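Step one of this worksheet: look at the structure below.
Everything numeric here is computed off the predicted structure, so don't read it as measured data.
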Amino acid sequence: MMYQEAALLLALLFISSNVVLSAPVRDGLLPNGNFELGPKPSQMKGSVVKERTAVPNWNIIGFVEFIKSGQKQDDMVLVVPQGSSAVRLGNEASISQKISVLPGRLYSITFSAARTCAQDERLNISVTHESGVIPIQTMYGSDGWDSYSWAFKAGGPEIEIRFHNPGVEEHPACGPLIDAVAIKALFPPRFSGYNLIKNGNFEEGPYVFPTAKWGVLIPPFIEDDNSPLPGWMIESLKAVKYVDKAHFAVPEGHRAIELVGGKESAISQIVRTSLNKFYALTFNVGDARDGCEGPMIVEAFAGQGKVMVDYASKGKGGFRRGRLVFKAVSARTRVTFLSTFYHMKSDHSGSLCGPVIDDVRLVAVGKLRG
């Protein structure tokens with residue numbers, strides 16, 4: 001009997017040592033996240049995918065099309081953001097993928113989306129236990145698509161990421177086009193030195209595609225319970241743009257925020273302060289070297305204080321330092337930045353742009369001084 005028990009224990013140990021658990025997904029594209037692997041010809045009728053698992057690594061429901069670059073719909077050429085292929089979601093259609101993650105960890109999803117012919121295009125993006133709505137009716141760039149970000153906290157070791165088109169159009173093919181889906185693990189921001197602002201240099205943020213020259217939009221917080229920009233809230237009607245040093249002028253470090261929607265594009269953070277104590281808020285204001293020219297003004301608010309920092313942009317990069325000294329009127333102080341004016345690029349493309357902010361710092365000072 002003892003021999004049988006020992007043999008059973010050894011067998012169990014052998015089995016457990018050979019069980020391979022799925023490793024958490026790494027930062028970057030999801031498996032076939034760029035949809036370059038497509039269905040077999042036998043699994044399609046025209047551009048419509050006929051089988052649920054025909055697109056490798058993805059599960060589809062409803063009217064989903066596999067779109068190739070340059071493909072036409074009537075007189076309209078369908079744009080593919082990256083690579084040679086993408087998917088388009090028709091009425092009430094969805095596409096999903098299961099991945100392994102670390103429970104409790106904050107993740108951001110970055111994806112590219114293009115409008116086609118619907119009047120009010122938007123996307124529902126969800127994981128197993130969270131969901132959000134991404135409006136894509138407003139096009140910020142002139143390429144025909146934008147990259148968006150959305151964040152969630154993993155509730156378990158395996159989650160299902162789903163993109164769903166809630167629209168119902170007369171033409172079932174008039175839905176958004178999806179491409180280049182990537183993921184990135186985010187880390188909780190910490191105070192740096194004496195700076196009371198968390199993630200003040202914006203280095204922690206959503207995944208940025210190495211070849212994407214258009215930045216990543218971060219939608220308003222009303223569409224997003226967990227911010228893809230840790231420490232900050234997008235407290236406005238329009239998105240802000242996350243820009244990187246590889247493709248834009250960034251005042252400090254490798255990342256910054258471009259306020260692309262005027263007063264409708266604002267970011268804020270709530271910090272701990274001591275009542276009646278004085279604080280100095282400093283920050284960089286510049287342009288992203290993206291052809292955004294003209295007079296710019298960034299408004300900064302903290303407590304009951306306000307400062308307007310002007311910057312004359314030539315669209316070629318550069319920045320200046322802004323400063324606001326204020327007296328805390330409560331134990332928590334909201335710090336907010338927005339752009340006074342609306343801007344468009346000087347190339348007449350209609351692309352929205354605006355001032356860049358970076359290197360935000362908040363420190364206690366002894367008394368009020370200029």
Whether the [X] and [Y] side chains hold a donor-acceptor pair (N or O, under 3.5 Å, no angle test) is what I'd like checked.
{"X": "Thr336", "Y": "Glu235", "value": "no"}
{"X": "Asp27", "Y": "Tyr207", "value": "no"}
{"X": "Ser126", "Y": "Ser131", "value": "no"}
{"X": "Ser149", "Y": "Ser108", "value": "no"}
{"X": "Thr282", "Y": "Arg321", "value": "yes"}

Decide yes or no for [X] and [Y]: does some side-chain heavy atom of the first lie under 4.5 Å from some side-chain heavy atom of the second?
{"X": "Thr273", "Y": "Leu275", "result": "no"}
{"X": "Leu29", "Y": "Phe209", "result": "yes"}
{"X": "Ile109", "Y": "Ile125", "result": "yes"}
{"X": "Lys327", "Y": "Lys277", "result": "no"}
{"X": "Leu102", "Y": "Tyr107", "result": "yes"}
{"X": "Asn34", "Y": "Gln82", "result": "no"}
{"X": "Val298", "Y": "Leu338", "result": "no"}
{"X": "Phe326", "Y": "Phe278", "result": "no"}

Quick check: does any side chain N or O of [X] sit under 3.5 Å from a backbone N or O of [Y], one acting as donor and the other as acceptor?
{"X": "Asp146", "Y": "Tyr140", "answer": "yes"}
{"X": "Tyr311", "Y": "Gly318", "answer": "yes"}
{"X": "Asn199", "Y": "Glu204", "answer": "yes"}
{"X": "Asn195", "Y": "Val360", "answer": "yes"}
{"X": "Gln304", "Y": "Val329", "answer": "no"}
{"X": "Tyr342", "Y": "Cys353", "answer": "no"}
{"X": "Gln269", "Y": "Gly231", "answer": "yes"}
{"X": "Tyr242", "Y": "Phe202", "answer": "yes"}
{"X": "Asn284", "Y": "Asp359", "answer": "no"}
{"X": "Ser227", "Y": "Trp232", "answer": "yes"}

Practice problem: Report the C-alpha distance between Ile159 and Ile161 in whole Å, list the side-chain angles of each, state the deciding distance to 0.1 Å, and finish with yes or no for side-chain contact (heavy atoms from CB on, under 4.5 Å). | Solution: CA-CA 6 Å; Ile159 55 111; Ile161 297 173; 3.5 Å; yes

Considering non-hydrogen atoms only, spot the tightest contact between [X] and [Y] and give its length.
{"X": "Val335", "Y": "Ala302", "result": "CG2-CB, 4.2 Å"}
{"X": "His164", "Y": "Ser94", "result": "ND1-CB, 3.8 Å"}
{"X": "Asn57", "Y": "Gln97", "result": "O-CG, 3.2 Å"}
{"X": "Gly303", "Y": "Thr333", "result": "N-CG2, 3.3 Å"}
{"X": "Lys184", "Y": "Gly205", "result": "NZ-O, 2.9 Å"}
{"X": "Ser236", "Y": "Pro220", "result": "O-CB, 3.0 Å"}

Please report the interatomic distance [atom1]([X]) to [atom2]([Y]), rounded to the nearest 0.5 Å.
{"X": "Lys263", "Y": "Lys238", "atom1": "NZ", "atom2": "NZ", "answer": "15.0 Å"}
{"X": "Leu106", "Y": "Asn226", "atom1": "CG", "atom2": "CG", "answer": "5.5 Å"}
{"X": "Glu258", "Y": "Ser265", "atom1": "CD", "atom2": "OG", "answer": "9.0 Å"}
{"X": "Leu281", "Y": "Leu324", "atom1": "CG", "atom2": "CG", "answer": "5.5 Å"}
{"X": "Glu203", "Y": "Leu229", "atom1": "CD", "atom2": "CG", "answer": "11.0 Å"}
{"X": "Glu158", "Y": "Lys98", "atom1": "CD", "atom2": "NZ", "answer": "5.5 Å"}

Aromatic rings [X] and [Y]: how do their planes relate, parallel, tilted or perpendicular, breaks at 30° and 60°?
{"X": "Phe111", "Y": "Phe163", "value": "perpendicular"}
{"X": "Phe283", "Y": "Phe337", "value": "perpendicular"}
{"X": "Trp214", "Y": "Trp145", "value": "perpendicular"}

Quiz item: Would Leu177 and Val87 count as a side-chain contact (heavy atoms from CB on, under 4.5 Å) if you check the C-alpha gap in whole Å, the side-chain angles of each, and the deciding distance to 0.1 Å?
Solution: CA-CA 6 Å; Leu177 190 147; Val87 295; over 6 Å; no

Quiz item: Is a salt bridge present between Lys314 and Asp287, judged by a nitrogen-to-oxygen distance below 4.0 Å?
Solution: no

Practice problem: Identify whether the distance between the nearest side-chain nitrogen and carboxylate oxygen of Glu299 and Lys306 falls below 4.0 Å. | Solution: yes

Quiz prompt | NZ (Lys345) with more than 12 external heavy atoms under 6.0 Å | solution = yes

Practice problem: Carefully, step by step, assess Asn201 and Arg255 under the rule side chain to side chain donor-acceptor pair (under 3.5 Å). | Solution: CA-CA 7 Å; Asn201 57 5; Arg255 305 283 191 269; over 6 Å; no

Quiz prompt | Derivation and outcome, side-chain contact (heavy atoms from CB on, under 4.5 Å), residues Leu89 and Val64 | solution = CA-CA 5 Å; Leu89 307 182; Val64 174; 4.0 Å; yes

Practice problem: Start with the C-alpha distance between Ile270 and Met233, add both sets of side-chain angles, then the distance that settles side-chain contact (heavy atoms from CB on, under 4.5 Å), and finish with yes or no. | Solution: CA-CA 9 Å; Ile270 297 176; Met233 295 180 290; 4.2 Å; yes

